[in-house]
Amino acid sequence: MSNLKHNGELRWSPSYLRRQGKVTPAQKRALRDNWNRFGIEFRYGDKISLNDHFSSSDGPLHLEIGFGMGENLIYQAKTVPDSRILGIEVHKPGIGAALKKIEEEQLQNIRVMRGDARLILSDYLDESTRFDQISVLFPDPWPDPENAHRRIIQTDLIELFARKIRHHGHLHIASDVDLYRDHVESVMAHHNAWKRITDFEITSLRGPTRYETRGLEMGHRIHDLYFQFDPCS
Ligand SMILES: C[S@@+](CC[C@H](N)C(=O)[O-])C[C@H]1O[C@@H](n2cnc3c(N)ncnc32)[C@H](O)[C@@H]1O
């Protein structure tokens, strides 16, 4: 995984835990057998054109950041078969789990990258990349105010999204933590190009995820926040 440092300084606070968790034997096998087909490798200096990696250059392009065990990647790929879905995740067990499900479901329209999504978006995806939809589902909430800088939703990431989303594209952020909903609302209030939307077809597109289930079991309320990118209005 590429380094987040630039001239010795961290470019972003780590938004994920260093702890990797254990890769199970089934995930290891899925990584070994399927990475070459569905994983996108990158090296320092690369500029990746996603069209070179999907079998079709048509269909809406979706990005999911921090897909965990991949439940929603699979759900979206099945629900919208003509979509092209890129998942970015740091942790290897989750990538292994997703590759296993991609293989079992024989899905062709998912690709995965391993690394910090902020680094991949800013340095490795080519300038012409424009997503139709970006999803960040149940990001680590970092509730302690001392760790607020580790929350992935920050002004600089929203500015990065603006460079990578098409006009009228959608951003979907879900959380089971009230404080995180407030955090997202306060960050987004500084970005006039993103309009909050409440009711549209995309709401049917999210599948249940592990962290959503965990939140529901703890009695938390789920917040799905949708924004549309409209810099000209
Ligand atoms: C709380 S989990 C939620 C996982 C999944 N979305 C769900 O709802 O079950 C957050 C995930 O985001 C990943 N993550 C955090 N920061 C990331 C980053 N900068 N780039 C890529 N993945 C990240 C973590 O590794 C973790 O798997």
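Remember, it's 1-based here, ligands and their atoms both numbered in the order they're listed.
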Between E185 and R196, does at least one N-O distance fall below 4.0 Å, as a salt bridge requires?
-> yes

Relative to atom 26 (C) of ligand 1, which among R206, E89, E212, R114 owns the nearest non-hydrogen atom?
-> E89

When hydrophobic residues are tied together by side-chain contacts of less than 4.5 Å, even through go-betweens, does L137 share a cluster with L121?
-> no

Parallel, tilted or perpendicular: which describes the rings of Y16 and H91, with under 30° parallel and over 60° perpendicular?
-> perpendicular

Shortest protein contact, atom 10 (C) of ligand 1 (heavy atom only) | D140 OD2, 3.4 Å

Look at atom 6 (N) of ligand 1 and find which of L157, D176, L137 reaches it with the closest heavy atom.
-> L137

Mark yes when over 12 heavy atoms from residues, nucleotides or ligands other than K78 sit less than 6.0 Å from its NZ; otherwise mark no.
-> no

Name the closest protein heavy atom to atom 9 (O) of ligand 1, giving the residue it belongs to and the distance to 0.1 Å.
-> Y211 N, 3.0 Å

Looking only at protein heavy atoms, identify the closest one to atom 23 (C) of ligand 1 and say how far it is in Å.
-> V90 CG2, 3.6 Å

Sub-4.0 Å atoms of ligand 1 with respect to non-hydrogen atoms of G115 | 20 (N), 21 (C)

protein heavy-atom neighbour closest to atom 20 (N) of ligand 1 works out as A117 N, 2.9 Å

Is D116 close to ligand 1, meaning an N/O of one under 3.5 Å from an N/O of the other?
-> yes

Any atoms of ligand 1 less than 4.0 Å from a non-hydrogen atom of R210? List them with their elements.
-> 9 (O)

Which bit of M69 gets closer than 4.0 Å to ligand 1, counting heavy atoms only: side chain, backbone, both or neither?
-> neither

Among G66, P14, G70, S15, which one has a heavy atom closest to atom 17 (C) of ligand 1?
-> S15

Which ligand 1 atoms, with their elements, are less than 4.0 angstrom from a heavy-atom of H91?
-> 25 (O)

May I ask you to check if R151 and W142 form a cation-pi contact, with NZ or CZ under 6.0 angstrom from the six-membered ring centre and within 45° of the axis?
-> no

Run through D132, D58, N109, N51 and flag the one making a side chain to side chain donor-acceptor pair (under 3.5 Å) with R84.
-> N51

Straight-line distance of Y124 OH to I120 CD1, nearest 0.5 Å = 8.5 Å

At a 4.0 Å cut-off, with the gap strictly under it, does some heavy atom of P141 reach an atom of ligand 1?
-> no

Report the nearest protein non-hydrogen atom to atom 7 (C) of ligand 1: residue, atom name, distance rounded to 0.1 Å.
-> T209 OG1, 3.3 Å

Would you check if R206 and D224 make a side-chain contact, meaning some heavy-atom pair closer than 4.5 Å?
-> yes

State, with a plain yes or no, whether a side-chain heavy atom of I197 is found less than 4.5 Å away from one of H170.
-> yes

At under 4.0 Å between heavy atoms, what of N72 touches ligand 1? The answer is neither

Distance to 0.1 Å, residue and atom name: give those for the protein heavy atom nearest to atom 3 (C) of ligand 1.
-> F138 O, 3.2 Å

Please check if V136 and F138 belong to a single hydrophobic cluster, counting links between Ile, Leu, Val, Met, Phe, Trp and Tyr side chain heavy atoms closer than 4.5 Å.
-> no

